[in-house]
Every structure is written in structure tokens, then in C-alpha cells.
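Here the structure is laid out as C-alpha cells; the discussion comes afterwards.
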Amino acid sequence: MRLLLMSDTHLPKRAKELPAPLLAELPRADVVFHAGDWVDTATLDLLENRSARLVGVHGNNDGPELRARLPEVAYAELGGLRFAVVHETGAAQGREARCAARYPDADVLVFGHSHIPWDTTGPGGLRLLNPGSPTDRRRQPHCTYMTATVNDGRLTDVTLHRLPPRPVSPQGSRAG
């Protein structure tokens, strides 16, 4: 089972649309995760329509329309693994232990908020994954997303994908 993980798309504030390499992954993914901060409902509509299965949550920048359609925390069992998805996990220091205590029944926690890619394993084996942001790299060198595979009850092939820089428009700002 192929997974596609993203977060913090912030459309249309940080970009006009999702990057083409990310969109090209949609038909290959059995399950798409979005860990919040969509900002617009059009992105949710697009992913609902083009994903075989979507597991998403709202983030701190998501308004009432998105909060009405998405939970704060989502759970899914896939191929024998229990996933939890949430936008915010708090400070990096102590994250593994804190999340292991908050999500004791999860094998994998997908989260966002920081725009900083993250892949660690906490006490008891909880795997924590933050795919970064495909549209707003903040202080990171690249915009990013992740893919992974669930195979025989194991998470394998976790890959962080770096996106090429968006072109600069004639006005000097990054184009969509």
C-alpha cells in the first residue's frame, strides 16, 4: 500500500496551487494524508476528488469551513498499522515521549505545523513523521512531502521528496 504524506499547503497564500510533482503522486497513492493547514477548501475538494482515500485533519490556520469538514485528530488502520494524524505536537524537545503518551494506540503519527521534516521513533516504537510543506519551506532549504509503503504490517520506503524551487515572477516574488 503506497502512502502520500503532506501538510501545511497554505493555499492560496503561500502558493497558487499544489506543485506538479506532488499532484503526479496522487494517482499512485492508495492513501493520502494531509496533516492540516490547508487554508482553502478548494485543496480539500481537489484531494477528496483525486485520492483513492484521504485522511486529513484541520490545522491552526484553517477556518470554520475546514474545521466543520475535518477532525482535529484522525485515525486509520492500514495494512495492520494504526495511524494517527494531528496538526500540532508542541515543541521538538520531548516530542517523542509526549506523543507516545498522547497516542498510545498508534504505530505511526503523521503531523505538521512546523514545516520541518521529521522522522523519528519514540519510546515503545511510535514512528513520528512530518512531511514538511510542499509550498512554504520557511527556514528549510526545500519544500517537501513524503511517500511510504505499508507492507505486511510494516512501514517501509519512507522517503522525503524535495521539490525544486518555484520560479520567481517578474515582480520578484515566487510564482504559484
Side-chain angles (χ1 to χ4, degrees), residues 1-89 106-115 117-118 127 129-138 140 142-151 155-167 169 174-176:
M1 178 179 308
R2 186 166 167 83
L3 311 179
L4 172 60
L5 294 74
M6 69 184 86
S7 186
D8 298 283
T9 48
H10 290 269
L11 294 178
K13 294 183 177 189
R14 299 294 181 203
K16 301 289 184 232
E17 59 191 17
L18 292 174
L22 177 67
L23 291 172
E25 293 281 357
L26 287 173
R28 295 194 286 262
D30 298 298
V31 181
V32 175
F33 289 92
H34 192 300
D37 273 5
W38 308 69
V39 179
D40 73 339
T41 57
T43 304
L44 174 56
D45 294 339
L46 180 141
L47 291 182
E48 282 181 334
N49 290 327
R50 293 182 56 185
S51 301
R53 179 174 178 187
L54 176 65
V55 180
V57 297
H58 66 74
N60 61 299
N61 284 297
D62 294 328
E65 287 183 61
L66 287 161
R67 288 171 183 266
R69 293 173 60 185
L70 296 162
E72 182 177 359
V73 180
Y75 297 94
E77 187 166 333
L78 305 170
L81 286 178
R82 298 164 301 172
F83 286 81
V85 185
V86 68
H87 184 63
E88 295 186 57
T89 60
D107 299 307
V108 180
L109 176 66
V110 179
F111 68 99
H113 187 61
S114 68
H115 299 219
W118 188 277
R127 182 87 176 257
L129 299 174
N130 183 332
S133 170
T135 56
D136 184 10
R137 63 183 179 87
R138 297 244 172 113
Q140 300 304 300
H142 302 279
C143 289
T144 57
Y145 66 92
M146 283 181 174
T147 56
T149 303
V150 175
N151 193 355
L155 188 67
T156 61
D157 304 318
V158 176
T159 305
L160 181 69
H161 299 268
R162 295 177 175 171
L163 291 160
R166 294 190 313 251
S169 69
R174 295 276 173 199

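Predicted model, so just to flag it, every value in this text is computed and none were measured.
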For this session: Test Leu46 against Leu26 for side-chain contact (heavy atoms from CB on, under 4.5 Å), laying out the working first.
Result: CA-CA 10 Å; Leu46 180 141; Leu26 287 173; 4.2 Å; yes
For this session: State whether the number of non-hydrogen atoms from other residues, nucleotides or ligands found under 6.0 Å of Glu48 atom CD is greater than 12.
Result: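 Enclosed.
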For this session: Please indicate whether Arg162 has more than 12 foreign heavy atoms, meaning atoms of other residues, nucleotides or ligands, lying under 6.0 Å from its CZ.
Result: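 Counting neighbours around CZ of Arg162, 12 or fewer heavy atoms of other residues, nucleotides or ligands fall under 6.0 Å, so no.
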Are any side-chain N or O atoms of [X] and backbone N or O atoms of [Y], one a donor and one an acceptor, separated by less than 3.5 Å?
{"X": "Asn130", "Y": "Pro117", "value": "no"}
{"X": "Arg50", "Y": "Asp45", "value": "no"}
{"X": "His34", "Y": "Ser7", "value": "no"}
{"X": "Asp157", "Y": "Ala148", "value": "no"}
{"X": "Asp107", "Y": "Arg127", "value": "no"}
{"X": "Asp62", "Y": "Trp38", "value": "yes"}

Let me confirm one number: the [atom1]-[atom2] distance from [X] to [Y], rounded to the nearest 0.5 Å.
{"X": "Leu44", "Y": "Leu66", "atom1": "CG", "atom2": "CG", "answer": "6.0 Å"}
{"X": "Leu155", "Y": "Leu129", "atom1": "CG", "atom2": "CG", "answer": "6.0 Å"}
{"X": "Thr144", "Y": "Asp136", "atom1": "OG1", "atom2": "CG", "answer": "10.5 Å"}
{"X": "Arg2", "Y": "Arg28", "atom1": "CZ", "atom2": "CZ", "answer": "6.0 Å"}
{"X": "Asn60", "Y": "Glu88", "atom1": "CG", "atom2": "CD", "answer": "4.5 Å"}
{"X": "Asp37", "Y": "Asn61", "atom1": "CG", "atom2": "CG", "answer": "4.0 Å"}

Any side-chain heavy atom of [X] within less than 4.5 Å of one from [Y]?
{"X": "Glu17", "Y": "Leu23", "answer": "no"}
{"X": "Val150", "Y": "Phe83", "answer": "yes"}
{"X": "His142", "Y": "Arg137", "answer": "no"}
{"X": "Thr135", "Y": "Asp8", "answer": "no"}
{"X": "Tyr145", "Y": "Leu18", "answer": "no"}
{"X": "Thr89", "Y": "Trp118", "answer": "no"}
{"X": "Leu3", "Y": "Thr147", "answer": "no"}

Of all heavy-atom pairs between [X] and [Y], which one has the smallest distance, and what is that distance?
{"X": "Leu5", "Y": "Pro131", "answer": "O-CB, 3.4 Å"}
{"X": "Arg67", "Y": "His58", "answer": "NH1-CE1, 3.1 Å"}
{"X": "Pro134", "Y": "Pro19", "answer": "O-CG, 3.2 Å"}
{"X": "Pro71", "Y": "Ala74", "answer": "CG-CB, 4.0 Å"}
{"X": "His87", "Y": "Val57", "answer": "N-CG2, 3.9 Å"}

For this session: Could you walk me through whether His161 and Met146 pass the side-chain contact (heavy atoms from CB on, under 4.5 Å) test, one step at a time?
Result: CA-CA 6 Å; His161 299 268; Met146 283 181 174; 5.5 Å; no
Exercise. Under the criterion side-chain contact (heavy atoms from CB on, under 4.5 Å), which of Val32, Leu4, Leu70 is the partner of Leu54?
Worked result: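 Of Val32, Leu4, Leu70, side-chain contact (heavy atoms from CB on, under 4.5 Å) with Leu54 is met by Val32 alone.
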Problem set entry | side-chain contact (heavy atoms from CB on, under 4.5 Å) evaluation trace for Arg14 with Val39 | CA-CA 10 Å; Arg14 299 294 181 203; Val39 179; over 6 Å; no
For this session: State whether a side-chain donor-acceptor pair under 3.5 Å links Ser133 with His10.
Result: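 No pair is found: no donor N or O on one side chain lies under 3.5 Å from an acceptor on the other.
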